[in-house]
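Here is the structure we will look at.
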Amino acid sequence: MAAIPPPPIPLVNRNKKHFMGVPAPLGYVAGVGRGATGFTTRSDIGPARDANDVSDDRHAAPVKRKKKDEEEDDEEDLNDSNFDEFNGYGGSLFNKDPYDKDDEEADMIYEEIDKRMDEKRKDYREKRLREELERYRQERPKIQQQFSDLKRGLVTVSMDEWKNVPEVGDARNRKQRNPRAEKFTPLPDSVLRGNLGGESTGAIDPNSGLMSQIPGTATPGMLTPSGDLDLRKMGQARNTLMNVKLNQISDSVVGQTVVDPKGYLTDLQSMIPTYGGDINDIKKARLLLKSVRETNPNHPPAWIASARLEEVTGKVQAARNLIMKGCEENQTSEDLWLEAARLQPVDTARAVIAQAVRHIPTSVRIWIKAADLETETKAKRRVYRKALEHIPNSVRLWKAAVELEDPEDARILLSRAVECCPTSVELWLALARLETYENARKVLNKARENIPTDRQIWTTAAKLEEAHGNNAMVDKIIDRALSSLSANGVEINREHWFKEAIEAEKAGSVHTCQALIRAIIGYGVEQEDRKHTWMEDAESCANQGAYECARAIYAQALATFPSKKSIWLRAAYFEKNHGTRESLETLLQKAVAHCPKSESEVLWLMGAKSKWLAGDVPAARGILSLAFQANPNSEEIWLAAVKLESENNEYERAPRRLLAKARASAPTPRVMIQSAKLEWCLDNLERALQLLDEAIKVFPDFAKLWMMKGQIEEQKNLLDKAHDTFSQAIKKCPHSVPLWIMLANLEERRKMLIKARSVLEKGRLRNPNCAELWLAAIRVEIRAGLKDIANTMMAKALQECPNAGILWAEAIFLEPRPQRKTKSSVDALKKCEHDPHVLLAVSKLFWCENKNQKCREWFNRTVKIDPDLGDAWAYFYKFEIINGTEETQAEVKKRCLAAEPKHGENWCRVAKNVSNWKLPRETILSLVAKDLPIPI
């Protein structure tokens, strides 16, 4: 049979253009480029379109579809370069994707249909699935369900039956349990020795060329010196090898190791690279720095930056090589040598620094680095002395060398140092400290000759004289210092000299600091500004803890203004807070001698109180008697004398007689009140009422007289008389808020709630915008159980008094507990940020939430803003009793006694009770804190 000839190879038309047979692009219209136009209709171009516009893809010209054979001929590349002898002409059978937009749209439609059909049968399908699952569970129940009836029967099992239940185990015999188990018996050591103990010889197999062992020859390393294998010694050798390995990784400190036994294998931090940046950035930086080094090799920062880059990336050796190459290029750059010493190990660093010293023998930093690299003090001294031979005028080197010497050697070294560095104040002063008194004076005199413009030398000389008891020379030295420095053109700066005085006081040179203050206090101060400036200076010194400087300023001010009462008072309060009782009394004696009699009653009272607190009652009486002579009609002195005698239980002899004299000589309302109060406290109510009636006739518009009378009548249970008294009082004193509140409370006590409301409403009409009256009305409603009315009144009150802290404090606790925080933080603190009542309410709010630390912080803020509020101190003290320690309780009590509070609703209720009139403030604090409720 003849072979079928291959088909003829079609001829390739090499003159055919590449665009022939290719479909036209979208929107292409033939001839438009050269201005030709065809016949178009509105349906072709659409509405509002120019005839010359190119049509879009919606109106593209139809492409004539070619025949299949022609399309294959056009698309197939029949070039010779595309022909292969084995595969024929190249080309992919799958170069065209048959999946087009129509297929994608059809798939989407079918998918939507499937989803719709699936939703129709979904409920039925899920129901059938549940039924099948239940049927499967019934046919094949779980093991837990199979034994549920047996578990219920365990309820009837007794304790003895539980104890007699046998242990779970395998009851089968060994063969049944493991019928195919093989038996292994370990060989004894004797068998191993027998097999390995003989001699063996190594030989080469001629067939394979490998080493083989002939029985009967010895194996290297397997025999002991005796020829027998000792397994025990092999175990010991293994342990010895392990110890050697552990010692190699152990620290130099005995008994400690740097290996973490728990994280030896699991510590993943050891896998973290030293540099976490971008590698590309490192490459760029390395390239740039290389360019800088090649461009200017004599630029040390480029070498340093290159070395540090390599160090950061973990290539320490490369960094060392770079920096040493830089040192070769720049042998006089101390920065490069220091960087090289830093990168090298200690031993190598010494050699590097030695090389640096040879190139730069006058570099102080390199010599100091060389000394730092030494570990022994003797070697450090040798380095410094060698450095001083090359650089004898370096103060830094002298100071470092002196610090390593003993006092005697340091003195000798400093005597040479001041010769080499005569302008160094520190060296002169250090030498003066090490010399004797006479030699130190000579040294300081030489220092003044060499450095005539430094004040520290003068102040050191003054301290030296004071230390040796020559106080008379101190003032002379300071005066000479000011005149000498001024003559040498030095500006006298008050602030700098005040700092010198404060430093002198801290060093223990009190006389020197006082002399400095006296000498400098008047420099640069105008005559009319002296008092104000000096008081500010004294306050500044007191705030810095320089009490002797402040005392010296007050002394100078009092010497300049001996009749200024304000300065005496400031000095007295300063001595009271920071001085002793003796210094205060001495100052007060001088004060009452210099101040006019009409202005010195406060000073007299301070002196008497100081004596009284010290327990010297006769001396206090003597001071008050002198005060009577100086101020015969002073109300304060009369009342102070009465209080002094009352506290010492001298009721008959002194207080009544003194008050009678006071009523005769100075019949003031306070004297009348004290007279009635004394009788009231002594339970002489009739006499107290008589005195009050007399006082009311003389002072009918003094509200406290009416209050005391009404309270005494209430105490005697004369409620009608008390009502008449308060009714008359509000007519005479309509603007006294406490009178309106007391009358309303009396009406409430008489079970007349409507009248109490009416009284408070009249009081608000007479005293508009009065927060106290609003608060009293709100509390009346709360006590009556009408909380809704109280909330309504609180809203009105806050509208009328939006900045009243006592109302906001009450409003916080009127809210439900979840809303209190919003009320306090959003509303109250916005309106009354610095009101102590609001701060106290916020403190109690934190107390309710058991946030003790925040509560303590807000209590401290409250008592700092208003230390006179006794309620804040009482709540603070009660909080510390419950949640604090004995130290915090004692601290709060101490601060309260120092503040001497006198106000507060709860505080006054206890402190002004006649039964507590002689109790000390410490006891009152405890009583108030005891009666306070815990906030909830």
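Just so it is clear, the values below take in all heavy atoms, side chains as well, and ignore hydrogens, waters and symmetry mates.
The side-chain hydrogen bond (donor to acceptor under 3.5 Å, both in side chains) test applied to Asn493 returns no partner, not counting sequence neighbours. Not a single salt bridge (charged side-chain N to carboxylate O under 4.0 Å, His left out) links Arg320 to another residue, sequence neighbours left out. In terms of the salt bridge (charged side-chain N to carboxylate O under 4.0 Å, His left out) criterion, residue partners of Glu849 (sequence neighbours excluded) are, by chain and number, Lys851. In this structure, the ring pair (Phe, Tyr, Trp, His ring centres under 6.0 Å) partners of Trp337, at least two apart in sequence or on a different chain, are His359. Every residue meeting the ring pair (Phe, Tyr, Trp, His ring centres under 6.0 Å) condition with Tyr547, not counting sequence neighbours, appears here in chain and number order: His578. For Thr436, the side chain to side chain contact (heavy atoms under 4.5 Å, CB included) test picks out Asn439, with sequence neighbours left out. Qualifying ring pair (Phe, Tyr, Trp, His ring centres under 6.0 Å) partners for Phe859, counting only residues two or more places apart in sequence or in other chains: Phe876, Phe879.
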All N/O donor-acceptor pairs, side-chain side in residues 401-409, below 3.5 Å, sequence neighbours left out:
{"from": "Glu405", "atom 1": "OE2", "to": "Arg385", "atom 2": "NH2", "distance (Å)": "3.0"}
{"from": "Glu408", "atom 1": "OE2", "to": "Arg411", "atom 2": "NH2", "distance (Å)": "2.3"}

Return a table of donor-acceptor pairs under 3.5 angstrom between the side chains of residues 417-425 and protein atoms on other chains or two or more places apart.
{"from": "Glu419", "atom 1": "OE1", "to": "Arg416", "atom 2": "NH1", "distance (Å)": "3.3"}

Enumerate donor-acceptor pairs with a distance under 3.5 Å from any side-chain N or O in residues 299-309 to protein atoms, sequence neighbours excluded.
{"from": "Trp303", "atom 1": "NE1", "to": "Pro297", "atom 2": "O", "distance (Å)": "2.8"}
{"from": "Ser306", "atom 1": "OG", "to": "Arg293", "atom 2": "NH1", "distance (Å)": "2.7"}
{"from": "Ser306", "atom 1": "OG", "to": "Ala302", "atom 2": "O", "distance (Å)": "2.8"}
{"from": "Arg308", "atom 1": "NE", "to": "Glu339", "atom 2": "OE2", "distance (Å)": "3.0"}
{"from": "Arg308", "atom 1": "NH2", "to": "Glu339", "atom 2": "OE1", "distance (Å)": "2.9"}

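Counting only residues at least two apart or in different chains, side-chain hydrogen bond (donor to acceptor under 3.5 Å, both in side chains) contacts with residues 366-377 are absent. Listed by first and then second residue, the ring-ring contact (aromatic ring centres under 6.0 Å, His included) pairs involving residues 405-443 are Tyr437-His468 (not counting sequence neighbours).
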